[in-house]
Amino acid sequence: MSPRSLIGWLERDGTYRARRCHQLGYPSYLVPQLGDALCQRHRGDVHALSGEILCHDWWAIGTNPADLRRALRRAGQKEGTGVAGHEGVGIRYYSALQPDTGTIHEVPDPDYEWLLLFTPDHLTICRNSGRQRRWRPVLYPPLAELAYPTQLAHPDYYLHCA
């Protein structure tokens, strides 16, 4: 099973609001997808993208609808059975739940391995440290870097950071 992530917005006081991403939650996949969503689909407007992300929990984040539909089929799910495509962001769950809230200094839910939080300038990427029972910030790529995330897309990059 793919690692699960929380994706959302980090306030200046260290609190966050985030939504759950249940599939394809590792940064080497998510960061390029978020970069494409931000730069190509939302014209660099981080507030618009994070606002859309915070409206729903996500089955998967991704901007290519054909790729996401194939992933849904492989997982044995169909659109309309609790999930639906959402243009420019991914496949969302039908859910009335509110976003998760917390701080990066609290004990994380063990079901979530990654925490990706937007700010006006950068994306904060934290890993659930497991034994230490805390979110460990591992990377702070500037939003401008998300437009061309070649190094950020390499899976081993996050293993060395963590």
Side-chain angles (χ1 to χ4, degrees), residues 1-12 14-72 74-75 83 85-93 99-100 102-104 108-130 134-162:
M1 182 171 164
S2 163
R4 295 179 176 174
S5 295
L6 293 169
I7 305 168
W9 184 261
L10 180 63
E11 301 291 345
R12 284 194 170 101
T15 61
Y16 67 81
R17 290 174 295 130
R19 287 298 193 156
R20 300 164 186 200
C21 180
H22 293 274
Q23 298 291 321
L24 306 171
Y26 41 89
S28 58
Y29 173 80
L30 275 179
V31 171
Q33 297 301 317
L34 291 169
D36 185 50
L38 177 64
C39 299
Q40 304 300 320
R41 309 291 177 142
H42 292 83
R43 298 196 157 114
D45 187 344
V46 69
H47 295 285
L49 174 59
S50 61
E52 282 194 56
I53 288 172
L54 289 171
C55 287
H56 307 281
D57 280 345
W58 298 91
W59 185 82
I61 298 290
T63 56
N64 184 326
D67 288 347
L68 291 172
R69 285 190 189 96
R70 277 192 293 278
L72 266 177
R74 281 193 304 270
V83 295
H86 188 86
E87 183 67 31
V89 181
I91 296 179
R92 65 179 173 82
Y93 279 109
D100 289 89
T103 72
I104 59 172
D109 181 334
D111 287 343
Y112 294 91
E113 187 172 345
W114 295 98
L115 178 65
L116 293 89
L117 300 171
F118 284 103
T119 70
D121 313 342
H122 65 276
L123 181 66
T124 297
I125 302 172
C126 300
R127 186 165 192 181
N128 186 340
S129 65
R134 65 181 178 96
W135 289 115
R136 180 175 177 220
V138 294
L139 203 59
Y140 302 93
L143 294 182
E145 202 172 316
L146 298 184
Y148 307 100
T150 42
Q151 181 178 356
L152 298 175
H154 194 278
D156 292 339
Y157 188 69
Y158 298 93
L159 298 175
H160 298 298
C161 293

Heavy-atom check, side chain of [X] versus side chain of [Y], under 4.5 Å:
X: Trp58; Y: Ile53; result: yes
X: Phe118; Y: Thr124; result: no
X: Tyr16; Y: Ile7; result: no
X: Tyr112; Y: Asn128; result: no
X: Cys126; Y: Val138; result: no

- Query: Nearest 0.5 Å, what's the CG-CG distance between Leu10 and Leu117?
  - Reply: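 If we round to the nearest 0.5 Å, Leu10:CG and Leu117:CG are 5.5 Å apart.
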
- Query: Rounded to the nearest 0.5 Å, what separation is found between the CZ atom of Arg127 and the CG atom of Leu116?
  - Reply: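 It comes to 12.0 Å.
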
- Taking every non-hydrogen atom, the tightest pair across Leu49 and Ala37: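 Looking at all heavy atoms of both residues, the shortest contact is CD1-CB, 3.9 Å.
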
- Task: State which residues pass salt bridge (charged side-chain N to carboxylate O under 4.0 Å, His left out) with Asp100; sequence neighbours excluded, sorted by chain then number.
- Result: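 Arg20.
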
- Message: Does the plane of the ring in Trp9 sit parallel, tilted or perpendicular to the ring in His47? Use 30° and 60° as the thresholds.
- Response: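 Ring orientation of Trp9 relative to His47: tilted.
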
- Message: Assess, by modelled atom type and distance only, whether the side chains of His122 and Glu145 contain a donor and an acceptor separated by less than 3.5 Å.
- Response: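 Checked: His122/Glu145 side chains show no N/O donor-acceptor pair below 3.5 Å.
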
- Return each pair, listed once, that meets salt bridge (Lys or Arg N to Asp or Glu O under 4.0 Å) where at least one residue sits in residues 54-66; pairs must be two or more places apart or across chains.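 Qualifying pairs, neighbours excluded: Arg19-Asp57.
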
